[in-house]
> 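Here it is, the structure, as structure tokens.
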2 protein chains.
Amino acid sequence: MFSKACEYGIRAAVYIALQSLEGRRVSVNEIAEEIDSPIAFTAKILQQLSRNKVIHSVKGPTGGFEIERTDMDNLKLNMIVKAIDGDQIYVGCGLGLKECNEDKPCPLHDKFVAIRTDLRHMLESTSLYELATGLEVGLTYLKR
Amino acid sequence: MFSKACEYGIRAAVYIALQSLEGRRVSVNEIAEEIDSPIAFTAKILQQLSRNKVIHSVKGPTGGFEIERTDMDNLKLNMIVKAIDGDQIYVGCGLGLKECNEDKPCPLHDKFVAIRTDLRHMLESTSLYELATGLEVGLTYLKR
DNA sequence: CATTAATCGGACAAAATTGTCCTTTATTTG
DNA sequence: CAAATAAAGGACAATTTTGTCCGATTAATG
């Protein structure tokens with residue numbers, strides 16, 4: 001469904017959000033350790049998220065990554081997915097046809113669009129704040 | 001969503017089903033031409049489908065690929081997807097966690113499972129016959 | 001101002017996926 | 001039986017994705 005990069009990206013963003021709720025800024029090393037991901041690869045992904053304003057980065061000692069509490073409600077999963085995978089998930093035919101649309105649909109068009117619309121709504125409505133607080137109260141887990 | 005191999009596989013299977021409705025057996029060359037896919041790669045995928053009893057292959061002159069009319073109703077998309085991609089789509093955590101389940105769910109678990117269940121139902125309920133007849137009556141298209 | 005801790009960015013490496021080529025095997029037909 | 005046709009299968013190549021390494025840049029602190 002998602003690329004590995006995107007999986008790591010979401011996990012990292014949720015972890016950063018969680019720590020930001022406590023006022024802590026976190027380093028790549030800590031993030032990779034806590035979400036069990038390859039350090040250097042995770043660093044690349046965090047750069048993408050930073051460039052796309054999903055997370056905020058600070059260089060130098062005491063630096064690291066953080067997410068403003070005020071942004072957290074408005075930061076939806078689809079922004080992370082778009083920053084990393086682009087709009088692959090939203091665009092294009094399920095069977096890989098170049099010219100597939102309502103007027104000239106592939107055999108799977110309607111059924112595929114239905115699923116993808118659900119997925120899109122889910123990603124557009126799920127905020128980092130929501131996911132981070134679920135972790136905070138122990139309802140969900142990030143490691144392993 | 002699906003791998004390229006799986007996209008080609010579904011398109012090929014639907015085309016074979018369509019031609020089988022007319023009693024025609026089709027060659028790899030014709031299939032690749034008609035669904036606009038790389039010939040040799042398509043041949044590999046057809047081998048997989050053949051080994052998994054999704055389609056029937058006949059060697060030699062007048063040979064080619066076909067699907068029994070009586071099978072067509074029972075041949076569902078999920079069988080093609082499973083033959084090519086395995087059960088990747090059905091199994092595993094949306095965020096890539098090793099130990100994610102109802103008891104110890106990742107932050108996205110419930111929402112992800114909901115989408116995936118819909119996808120599974122769609123694949124399990126959509127038959128090749130249904131897709132082939134849609135093509136036959138000109139409701140849908142396979143090329144480009 | 002030197003040291004140190006952190007991200008940034010580019011080049012490279014490994015692995016997986018996608019795609020090609022060529023030989024072998026099976027089968028039909030003259 | 002020989003020739004021709006089509007799938008089967010193995011080896012290889014290209015591309016994309018995943019992952020690593022290392023030097024450059026930025027900023028805090030004694």
Side-chain angles (χ1 to χ4, degrees), chain A residues 1-13 15-16 19 24-33 35-67 81 83-86 88-89 92 95-96, chain B residues 1-13 15-16 19-20 24-67 81 83-86 88-89 92 95-96:
Chain A
M1 191 80 92
F2 304 125
S3 67
K4 273 288 164 197
C6 203
E7 289 178 2
Y8 296 147
I10 295 174
R11 274 150 63 186
Y15 181 74
I16 296 168
Q19 294 304 319
R24 294 188 62 235
R25 202 179 270 165
V26 287
S27 71
V28 180
N29 288 279
E30 175 179 340
I31 295 168
E33 167 70 23
I35 70 172
D36 196 28
S37 67
I39 298 181
F41 192 42
T42 304
K44 292 286 184 216
I45 295 161
L46 291 174
Q47 281 178 39
Q48 287 185 272
L49 293 180
S50 178
R51 274 196 295 268
N52 284 278
K53 313 281 183 196
V54 173
I55 62 182
H56 182 226
S57 78
V58 177
K59 279 184 171 183
T62 79
F65 298 91
E66 64 192 359
I67 297 175
V81 175
I84 298 173
D85 284 351
Q88 292 178 335
I89 303 196
L95 298 185
Chain B
M1 189 81 92
F2 303 124
S3 67
K4 272 288 165 198
C6 201
E7 289 179 2
Y8 296 147
I10 295 174
R11 275 152 61 188
Y15 180 73
I16 296 169
Q19 295 304 319
S20 289
R24 296 187 61 233
R25 204 179 269 164
V26 287
S27 70
V28 180
N29 289 278
E30 176 180 338
I31 295 169
E33 168 70 23
E34 288 300 321
I35 70 171
D36 196 29
S37 67
I39 299 182
F41 192 42
T42 305
K44 292 287 184 216
I45 296 161
L46 292 173
Q47 281 177 40
Q48 287 186 271
L49 293 181
S50 179
R51 275 196 294 267
N52 284 278
K53 312 282 184 194
V54 173
I55 63 182
H56 181 224
S57 80
V58 178
K59 277 185 172 183
T62 78
F65 296 92
E66 64 192 359
I67 297 175
V81 175
I84 298 173
D85 284 351
Q88 294 177 335
I89 304 193
L95 298 186

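Naming convention: chains lettered A, B, ... in sequence-line order (proteins, then strands); numbering from 1 in each chain. Here the structure is a predicted model, which is why all the values come from computation and not from measurement.
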> Assign each of A:Val58 and A:Ile39 to its nearest nucleotide of DNA chain D by heavy atoms, then name whichever residue's nucleotide is nearer the 5' end.
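It is A:Ile39 whose nearest nucleotide is closer to the 5' end.
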> Closest-nucleotide mapping onto DNA chain D: is A:Ala5 or B:Gly63 further toward the 5' terminus? I mean the 5' end.
B:Gly63
> To the nearest Å, how far apart are B:Phe65 CZ and C:dA26 P?
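Nearest whole value for this atom pair: 16 Å.
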> Would you tell me if any nitrogen or oxygen in the side chain of B:Gln47 comes within less than 4.0 Å of OP1 or OP2 on D:dA7?
no
> Quick check: do B:Ile16 and B:Leu46 have side-chain heavy atoms less than 4.5 Å from each other?
yes
> If I take atom CD1 from residue A:Ile55 and atom CD from residue A:Gln48, how far apart are they, to the nearest 0.5 angstrom?
10.5 Å
> Starting at atom CD1 of B:Ile45, determine the distance to atom C1' of C:dT20, rounded to an integer number of angstrom.
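Rounding to the nearest Å, CD1 of B:Ile45 and C1' of C:dT20 are 13 Å apart.
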> Nearest nucleotide by nearest heavy atom, which residue falls closer to the 5' end of DNA chain C, A:Ser50 or B:Phe2?
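With B:Phe2 and A:Ser50 compared, the 5'-side residue is A:Ser50.
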> State, to 0.1 Å, how close A:Phe65 and A:Val28 come at their nearest heavy-atom pair, and which atoms those are.
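The answer is CE1-CG2, 3.4 Å.
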> Answer whether the closest heavy-atom distance between the side chains of A:Gln19 and A:Tyr15 falls below 4.5 Å.
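A:Gln19 vs A:Tyr15: side chains touch.
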> Rounded to whole Å, please give me the gap between CD in A:Gln88 and C1' in D:dT17.
11 Å
> Check this one for me: any side-chain N or O of B:Thr62 less than 4.0 Å away from OP1 or OP2 of D:dA6?
no
> Tell me whether the OP1 or OP2 atom of D:dG9 has a side-chain N or O from B:Arg51 closer than 4.0 Å.
yes
> Please pick, from D:dG19, C:dA11, D:dA6, the nucleotide with the shortest atom-to-atom distance to any side-chain atom of B:Ser27.
D:dA6
> Answer yes or no: does a side-chain N or O of B:Ser57 lie under 4.0 Å from OP1 or OP2 of D:dA6?
no
> Could you tell me which non-hydrogen atom of A:Ile84 sits nearest to which non-hydrogen atom of A:Gly9, and how far apart they are?
CD1-CA, 3.8 Å
> For DNA chain C, whose closest nucleotide is more 5', that of B:Phe41 or that of B:Pro61?
B:Phe41
> How long is the line joining CG of B:Asp36 and C1' of C:dG19, in whole Å?
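Result: 15 Å.
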> Just the rounded figure in Å: distance from P of C:dT18 to CG of B:Asp85.
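Result: 8 Å.
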> Specify the separation, in whole Å, of atom NZ of A:Lys59 and atom P of D:dT29.
18 Å
> Please give, in whole Å, the distance from D:dA28 P to A:Arg25 CZ?
9 Å
> Atom CD of B:Gln48 to atom C1' of D:dG9: distance rounded to whole Å?
12 Å
> Does a side-chain N or O of B:Tyr8 approach OP1 or OP2 of C:dT18 to a distance below 4.0 Å, or not?
no
